[in-house]
Amino acid sequence: MPKISSFFVTRLYHAAVSEHGKAPDAAELEATCLSVAEDDEAGQNWCEESDFPGYTSYSSLDDLAWRFPTFKELVKSLDKHVAAFAKDLEFNLDGKKLKMDSLWINILPEGGIHTSHLHPHSVISGTTYVAMPSGTSAIKFEDPRSAMMMAAPVRKTDARYEMRSFIYVEPQVGDVLLWESWLRHEVPMNMAEDDRISVSFNYRWE
Ligand SMILES: [Fe+2]
């Protein structure tokens, strides 16, 4: 029998925020996201000028954890999740740390999409889910080697999980997903009537 092995794996971390420390109260976190969005005129203007569907605080606010206890609590838990993931990834941190360098709110309305992107200048990126109305979008990850595939045939639609070129994950409210920042991802169109609310973040090595 031939031996076929797998290597150069892509890891995706999926847990409940509450698995490490106290998770913020879901209703309070949602209310905070909505009130930040409502008050953040600079952010609203940026979204409008950039044709960004819904709202993101990415370009306007960099101190959510300092302003709101519920975000402070969230960051404390996320630090632990990221440390656990870094262990799984077998990173040699060489005496340095993975430190959060940005944290932002995303509010995606009905019909909104976040097109395919990756997160430069970071090591680990992730999202925690605040409001996921029924029927809202999954997050879609793309095989990082797709640019090298050239003339290769596409994979079968029922290919086994680790062979697929795209992976869809449907997280629940209170979940956290982590991945390495080079992993390309997108949020397909939100087909639910209600807003899909999430909080995303980046960690760098320093
Ligand atoms: Fe992203």
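First listed ligand is number 1; within each ligand, the first listed atom is number 1.
The aromatic rings of Y13 and H81 stand perpendicular to each other, their planes meeting at an angle above 60°, with 30° marking the opposite boundary. Ring geometry for Y203 against F201 counts as perpendicular: the plane angle is over 60°, on a 0 to 90° scale with 30° as the lower cut.
When the N, O or S atoms of H117 are ranked by distance to the Fe ion (ligand 1), NE2 comes first. Taking the Fe ion (ligand 1) as reference, the nearest N/O/S atom within H185 carries the name NE2.
With 2.8 Å as the limit, H114 does not count as an N, O or S neighbour of the Fe ion (ligand 1).
Remark: the S200 side chain and the N106 side chain contain an N/O donor-acceptor pair separated by less than 3.5 Å.
Side-chain contact between R11 and L89 is present, with heavy atoms from C-beta onward closer than 4.5 Å.
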